[in-house]
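Below, chains carry the letters A, B, ... as their sequence lines are ordered, and counting in each starts from 1. No experiment lies behind these values; they were computed from the predicted model shown.
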There are 2 protein chains.
Amino acid sequence: MPIRVKDDEAAEVRALDLFTGLEDDDFAALMRGAYVQTFPPRIELASQGERSDFLHVVTGGAVEMFASWNGRETVMATLEPVSTFILAATICDAPYLMSARTLEKSRIVLVPSEDVRKIFDINADFARAVVTELGRSYRAVVKSTKNLKLRTSLERLANHLLQRYAMEGNPTAFELGQEKRHLASYLGMTPENLSRAIRQLEPYGVTFEGNIVTITNPEDLTNFAKPSPLIDDPWS
Amino acid sequence: MPIRVKDDEAAEVRALDLFTGLEDDDFAALMRGAYVQTFPPRIELASQGERSDFLHVVTGGAVEMFASWNGRETVMATLEPVSTFILAATICDAPYLMSARTLEKSRIVLVPSEDVRKIFDINADFARAVVTELGRSYRAVVKSTKNLKLRTSLERLANHLLQRYAMEGNPTAFELGQEKRHLASYLGMTPENLSRAIRQLEPYGVTFEGNIVTITNPEDLTNFAKPSPLIDDPWS
DNA sequence: CCGCACGCTTGATAAATATCAAGTCAACAC
DNA sequence: GTGTTGACTTGATATTTATCAAGCGTGCGG
């Protein structure tokens, strides 16, 4: 049963860069057609190859984007609230290249693709916001390709940990925030090799206790990881 | 010495999806500020980390996009006439994530980024075209990431050859069209391994004679490569 | 014509990464 | 408490990929 989007949740969605520039009534028009749904863990929200009916916004929980071919599967990204996905497929009216599944119980706002395209056509500000968002996504994937082609898996892990470390505000210890096997797939390695890679980072002051990561020597780790804004900076 | 863009070359540029929807005077405004330049081979046209001053259009020759980190380098894409590059950086007004160099003597039309952003702001049709182009680019990189993470280098080579084969209209023999070491880097492998991979494809009816590729048994090769539109189709 | 440079190939070896097979441990259902 | 499940780890091994070191062949400058 479709449930209309309540005002407080709509406000969260509205806070996204994609929607802040929108006139009140245009945004209201989008939300009128939209609805919210809560999904249990491990539900596939979209499958690669399908056509786009809705722009999705995660407002609670966590969603994993993944892709598969010939019986193999790989994690492409992990999304946390509040973020959108399948914007490109929605705008281009093309089949999904990735699938999406909930990792935990999640709330998703579903905005009809047709409405998005309609507002996009009549509202120049929204069009600009879409371009900015698409540009950001494009650049994110280019960075990820560079990461894959230019670095070994150990270097990718080291840089990923530094990225998480910075995102948490440089605490000595922080939560990994996802299962290791998902991280492994995201980094393009097997769970077994992630285990071994973690060991290999010990000399650089990295310790794992369950899902708690401790970084005792950020300088050493940085020295090894050699992070670059042109690969690792999530902004710009 | 800047050289204004002549009408016949402007017509080529105009034929790009990005510009076809543009009003005559808007397009003329873009071309007024633009200029053409011919570059010798191996000239670096843009370097990663720099800021974008021009949208580039290749109208002759060939250009290679590449990226580097920590002394390593990898080919990200090869562009042939007529195509644009660094659209995302231009629109987002952000630093280049990739560098570009000419592979051979090449003609490049340089359109000031500021002009592009100006037209983008006042012309909804152009904004839409930019979105389409960005969406296409985004999807192309996502496919490339899937290719890298889900396939072995041998599978990547097989699929690449099938793609080229299809692009040439399924001829028994066709030109590779680039140096093998560049192809190797593009496919994420070393030149040595490309040599060996070519040998490994012989049982599937693939033969190389210099830069001429012969495919005697497309079915067998397809059977091995298992191409998927969600990775290999350059359109959609 | 010679010699050199350079791209390509080949073989031997090394490093990176994946696979397979146990084994440990914690969470959870009963 | 007991048993089961599933994630994680570890070691042994195999596969994939890279590196190193020649050698081959073509094209080009002198």
Side-chain angles (χ1 to χ4, degrees), chain A residues 40-42 62 64 68-75 78 101 103-105 147-161 175-202 206-213 224-225, chain B residues 40-42 62 64 68-75 78 103-105 147-160 175-202 206-213 224-225:
Chain A
R42 285 163 217 218
E64 180 176 85
S68 37
W69 174 80
N70 194 30
R72 298 168 211 165
E73 190 180 302
T74 190
V75 173
T78 306
R101 75 160 75 90
L103 289 171
E104 36 186 279
K105 190 179 164 201
N147 198 27
L148 281 167
K149 291 186 79 177
L150 292 167
R151 288 176 173 158
T152 66
S153 59
L154 191 59
E155 289 164 341
R156 291 197 293 273
L157 172 62
N159 278 292
H160 179 78
L161 291 179
E175 267 220 58
L176 191 54
Q178 62 184 329
E179 290 186 12
K180 286 183 188 161
R181 68 210 173 95
H182 291 290
L183 175 60
S185 176
Y186 172 70
L187 292 174
M189 58 204 292
T190 57
E192 291 97 326
N193 273 332
L194 175 58
S195 259
R196 288 186 264 259
I198 286 170
R199 282 300 188 76
Q200 285 182 271
L201 288 183
E202 264 177 26
V206 178
T207 345
F208 276 67
E209 273 179 57
N211 264 18
I212 308 291
V213 188
F224 169 74
Chain B
R42 284 161 219 220
E64 180 177 84
S68 38
W69 175 79
N70 195 28
R72 299 167 211 165
E73 191 180 302
T74 190
V75 173
T78 307
L103 288 170
E104 38 186 276
K105 190 179 163 200
N147 198 27
L148 281 168
K149 291 187 79 176
L150 293 167
R151 288 176 173 158
T152 66
S153 60
L154 191 59
E155 289 165 342
R156 291 197 293 274
L157 173 62
N159 278 292
H160 179 78
E175 268 219 58
L176 191 53
Q178 62 185 328
E179 290 186 13
K180 285 182 188 163
R181 67 209 173 97
H182 292 290
L183 175 60
S185 177
Y186 172 69
L187 292 175
M189 58 206 292
T190 56
E192 291 98 324
N193 274 330
L194 175 57
S195 260
R196 289 187 263 258
I198 286 170
R199 280 301 187 74
Q200 284 182 273
L201 288 183
E202 264 177 27
V206 177
T207 345
F208 276 68
E209 273 178 58
N211 265 18
I212 307 291
V213 187
F224 168 74

Subject >> Spacing of A:L183 atom CG relative to D:dC8 atom C1', expressed in whole Å >> reply: 13 Å
Original post:
To the nearest Å, how far apart are A:K180 NZ and C:dA26 P?
Top reply: 13 Å
Original post:
What's the shortest heavy-atom distance between B:M189 and B:A197, and which atoms?
Top reply: CE-CB, 3.8 Å
Original post:
Does any non-hydrogen side-chain atom of A:L187 lie less than 4.5 Å from one of A:H160?
Top reply: yes
Please write out the pairs of protein N or O atoms and N or O atoms of nucleotides 11-15 of chain C separated by less than 3.5 Å, giving the distance to one decimal.
unit_1, atom_1, unit_2, atom_2, d
C:dG11, N7, B:R196, NH1, 3.0

**OP:** Mark yes when over 12 heavy atoms from residues, nucleotides or ligands other than B:E202 sit less than 6.0 Å from its CD; otherwise mark no.
**Re:** yes
Original post:
Are B:T190 and D:dA18 close enough that a side-chain N or O sits under 4.0 Å from OP1 or OP2?
Top reply: yes
Original post:
Given A:E155 and A:N147, is the side-chain contact (heavy atoms from CB on, under 4.5 Å) satisfied, shown in steps?
Top reply: CA-CA 9 Å; A:E155 289 164 341; A:N147 198 27; over 6 Å; no
Original post:
How close or far is atom C1' of C:dC8 from atom CD of B:E209, stated in whole angstroms?
Top reply: 15 Å
Original post:
Once you round it to whole Å, what is the distance between P of C:dA16 and CG of A:L201?
Top reply: 13 Å
Subject >> Which nucleotide in C:dT10, D:dA18, D:dT9 has an atom nearest any side-chain atom of B:S195 >> reply: C:dT10
Original post:
Just how far, in rounded Å, is C1' of D:dA18 from CZ of B:R181?
Top reply: 18 Å
Original post:
When the distance from CG of A:L187 to P of C:dA18 is rounded to whole Å, what number comes out?
Top reply: 11 Å
**OP:** Let me see the working for A:K180 and A:N211 under side-chain contact (heavy atoms from CB on, under 4.5 Å), right down to the final yes or no.
**Re:** CA-CA 8 Å; A:K180 286 183 188 161; A:N211 264 18; 4.1 Å; yes
Original post:
Side-chain contact, heavy-atom cut-off 4.5 Å: A:T78 with A:H182?
Top reply: no
**OP:** Begin with the C-alpha distance, continue with both residues' side-chain angles, and end with the deciding distance and a verdict on side-chain contact (heavy atoms from CB on, under 4.5 Å) for A:L194 and A:R181.
**Re:** CA-CA 8 Å; A:L194 175 58; A:R181 68 210 173 95; over 6 Å; no
Original post:
Counting side-chain heavy atoms from C-beta on, which of D:dT17, C:dT19, C:dT17 comes nearest to A:T152?
Top reply: C:dT17
**OP:** Return the value, rounded to whole Å, for the distance between atom CD1 of A:I212 and atom P of D:dC8.
**Re:** 14 Å
Subject >> A:N193 side chain near C:dA18 phosphate (N/O to OP1/OP2, under 4.0 Å) >> reply: yes
Subject >> Value in whole Å for how far the P atom of D:dA7 lies from CD of A:Q178 >> reply: 14 Å
